[in-house]
Amino acid sequence: MTKKHTLFLLLFTACLGLGATGLLQSCETKAEKGKSEHAAATAAEGAAAVKRLPFGKLKNGTEAYLYTLTNKHNTQATFTDYGGRLVSLQVPDKNGKMTDVVAGMSGVAAYASNTDAYFGATIGRYGNRIANGKFTLDGKEYTLSVNNGANTLHGGKKGFQKVMWEAQQPDARSVVFQYLAKDMEEGFPGNLHVKVTYTLTDENELRMDYEATTDKPTVVNLTNHAYFNLNGEGSGDILGHRLQINADTYTPVDATLIPTGKLAPVAGTPFDFRKPTPIGASIETENEQLTNGKGYDHNYVLNKEKSTGMTRAASVTGDKSGIVMDVYTLEPGLQFYSGNFMKGKNTFKGGSKDDYRTAFCLETQHFPDSPNQPSFPSTVLKPGETYRTSTVYKFAVQK
Ligand code: GLA
């Protein structure tokens, strides 16, 4: 290895170390000026890229770690084992400037004390709401941990976002998180073994592959709860982002955000995103559903383009950055949440506050409250079966 190569390797390793501090960007600019392609290739081959880095301690002394994935474009995704969570995602904008499009925190303590526990986390055992924290399966009623008014949200008080996952990083492109949710944990039946593999491809795709098995019949609905701002974390509200959702209908909700059970057409309503539309275009319209959601917080019923494989669910463009994110999934639904509960109470890793509507979520999922809605696609998993689902967030710049 030449002196120059050693310098790049050192610089790159230092960059990985700073990944969650917001300093990565300046670091990467320096690396780019040098020979970023070479640095990425070296990192992909070398052990340096698969080294975990400390991310602080929880109150009980448990240490959390950061895992960084890198591809040949120098795109970087950083995860932590606390909540099996995406912390940052650096992608190039229309000028080639690396931009962190995922809102996250600077350390595990900040995540643990956040007023919103879901930032970037793997969500389970049941993503979104179950009405009154109850459901009946095989004639038996189960009572769940209730944490959202009368309802259960995202798996209960201590959902998968608040637990430590066992992490493995087989190579520079992927990280695998595993968690065993015990029988009756948060009230759900069955020991559920969950495995999530995050992969960063050279096509600038962040791929999420989920697997789960159970030893008793149960319900499962897994997703990732990344908060995106495609203009970059902390760069103002997301109302100018142009959003397209491939859905003709959505599931209207009551005032507690539980689906009524009906599918409503989006045509002629503020929910129509079939053509690219700024998120803010109709968000303040007088509309009962927007009142119930305090903005957009609704499940879209995705149009199936073909009988097998992934559906193209949505596409979003950052109005300032030109960064485009396409979402593909095997799931039937997509929760579009416009950051209505963000109140500026938490501080992001770059120093800005989580102000009102400064990030949005597109959570691929089965429909909310499916365990109580016989007409919705089933979320039941039985012993001997394997739950499998996949979602891809693909990044590009507007041409
Ligand atoms: C989901 C819910 C929202 C909100 C966010 C997290 O998207 O549907 O109502 O709870 O999670 O704050």
Side-chain angles (χ1 to χ4, degrees), residues 83-86 102-105 110-133 144-162 186 221-229 237-238 243 245 247 250-260 271 273 279 283 289-301 313-314 316 327 329 331 333-346 348 353-373 376 379 391 393:
R85 188 184 300 267
L86 177 61
V102 165
M105 309 299 151
Y111 278 111
S113 62
N114 246 21
T115 56
D116 181 331
Y118 308 115
F119 280 95
T122 301
I123 301 294
R125 158 174 336 198
Y126 196 93
N128 214 280
R129 292 173 179 78
I130 296 180
N132 299 312
L144 308 172
S145 145
V146 159
N147 59 337
N148 189 246
N151 304 322
T152 299
L153 174 63
H154 295 326
K157 285 194 184 89
K158 196 176 175 188
F160 292 180
Q161 75 282 352
K162 284 193 179 166
E186 302 297 275
N221 190 24
L222 305 178
T223 191
N224 177 280
H225 209 310
Y227 279 69
F228 293 100
N229 185 324
D237 71 53
I238 43 77
L243 169 66
I245 304 179
Y250 73 107
T251 52
V253 288
D254 68 15
T256 71
L257 290 166
I258 295 294
T260 60
F271 290 84
F273 284 98
I279 290 176
I283 202 166
Q289 283 302 313
L290 285 176
T291 303
N292 287 351
K294 301 187 168 50
Y296 296 103
D297 195 353
H298 293 78
N299 171 65
Y300 281 77
V301 179
V316 200
V327 184
T329 189
E331 287 300 300
L334 180 75
Q335 185 82 12
F336 168 38
Y337 169 60
S338 53
N340 316 309
F341 296 118
M342 298 175 79
K343 291 196 179 97
K345 290 203 171 144
N346 306 294
F348 290 141
K353 293 282 181 196
D354 65 335
D355 289 326
Y356 188 52
R357 294 180 175 162
T358 54
F360 66 90
C361 304
L362 289 174
E363 305 148 62
T364 58
Q365 61 184 7
H366 270 55
F367 305 170
D369 199 33
S370 296
N372 295 307
Q373 304 267 1
F376 288 176
T379 51
T391 290
Y393 292 125

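Below, all heavy atoms of this structure are taken into account, side chains as well, without hydrogens, waters or symmetry copies. For ligands, and for the atoms within them, numbers begin at 1 and follow the listed sequence. Residue numbers count from 1 along this sequence.
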Notebook entry, point to check: Got the closest protein heavy atom to atom 6 (C) of ligand 1, with its distance?
Noted result: Y227 OH, 3.4 Å
Check: To the nearest 0.1 Å, how far is atom 10 (O) of ligand 1 from its closest protein heavy atom, and which atom is that?
Finding: L153 CD2, 3.3 Å
Next item on the list: Heavy-atom contacts with Q335 under 4.0 Å: which atoms of ligand 1 show up? List them by number with element.
Entry: 8 (O)
Margin query: Do Q289 and H298 pair up side chain to side chain, a donor and an acceptor below 3.5 Å, judged on atom types alone?
Written below: yes
Check: Does a donor on one side chain sit under 3.5 Å from an acceptor on the other, for T379 and N221?
Finding: no
Check: Among all residues two or more places apart in sequence or in another chain, which pass the side chain to side chain contact (heavy atoms under 4.5 Å, CB included) test with T358?
Finding: M342, F348, D355
Next item on the list: Could you tell me the residue and atom name of the protein heavy atom closest to atom 4 (C) of ligand 1, and the distance to it rounded to 0.1 Å?
Entry: F341 CD1, 3.8 Å
Item checked: Those residues that, when tested against N147, pass side chain to side chain donor-acceptor pair (under 3.5 Å) (two or more places apart) -> none
Next item on the list: Within a distance under 4.0 Å of any heavy atom of Y118, pick out the atoms of ligand 1 and give their elements.
Entry: 6 (C)
Item checked: Protein heavy-atom partner closest to atom 8 (O) of ligand 1 - residue, atom, separation in Å -> D297 OD1, 2.7 Å
Notebook entry, point to check: In terms of residue, atom name and distance, what is the protein heavy atom nearest to atom 11 (O) of ligand 1?
Noted result: H225 NE2, 2.8 Å
Next item on the list: Under the ring-ring contact (aromatic ring centres under 6.0 Å, His included) rule, what do Y296 and Y250 come out as? Steps first, then yes or no, please.
Entry: CA-CA 11 Å; Y296 296 103; Y250 73 107; 9.2 Å; no
Notebook entry, point to check: Nearest protein heavy-atom contact for atom 12 (O) of ligand 1: which residue, which atom, what distance?
Noted result: D116 OD2, 2.9 Å
Next item on the list: Among all protein heavy atoms, pick the one closest to atom 1 (C) of ligand 1 and tell me residue, atom and distance.
Entry: H154 NE2, 3.2 Å
Note to self: Heavy-atom distances under 4.0 Å decide this one: backbone, side chain, both or neither, for N128 against ligand 1?
What the structure shows: side chain
Item checked: N148, portion touching ligand 1 at heavy-atom distance under 4.0 Å -> neither
Item checked: Shortest protein heavy-atom distance from atom 7 (O) of ligand 1, along with the residue and atom involved -> E363 OE2, 2.8 Å
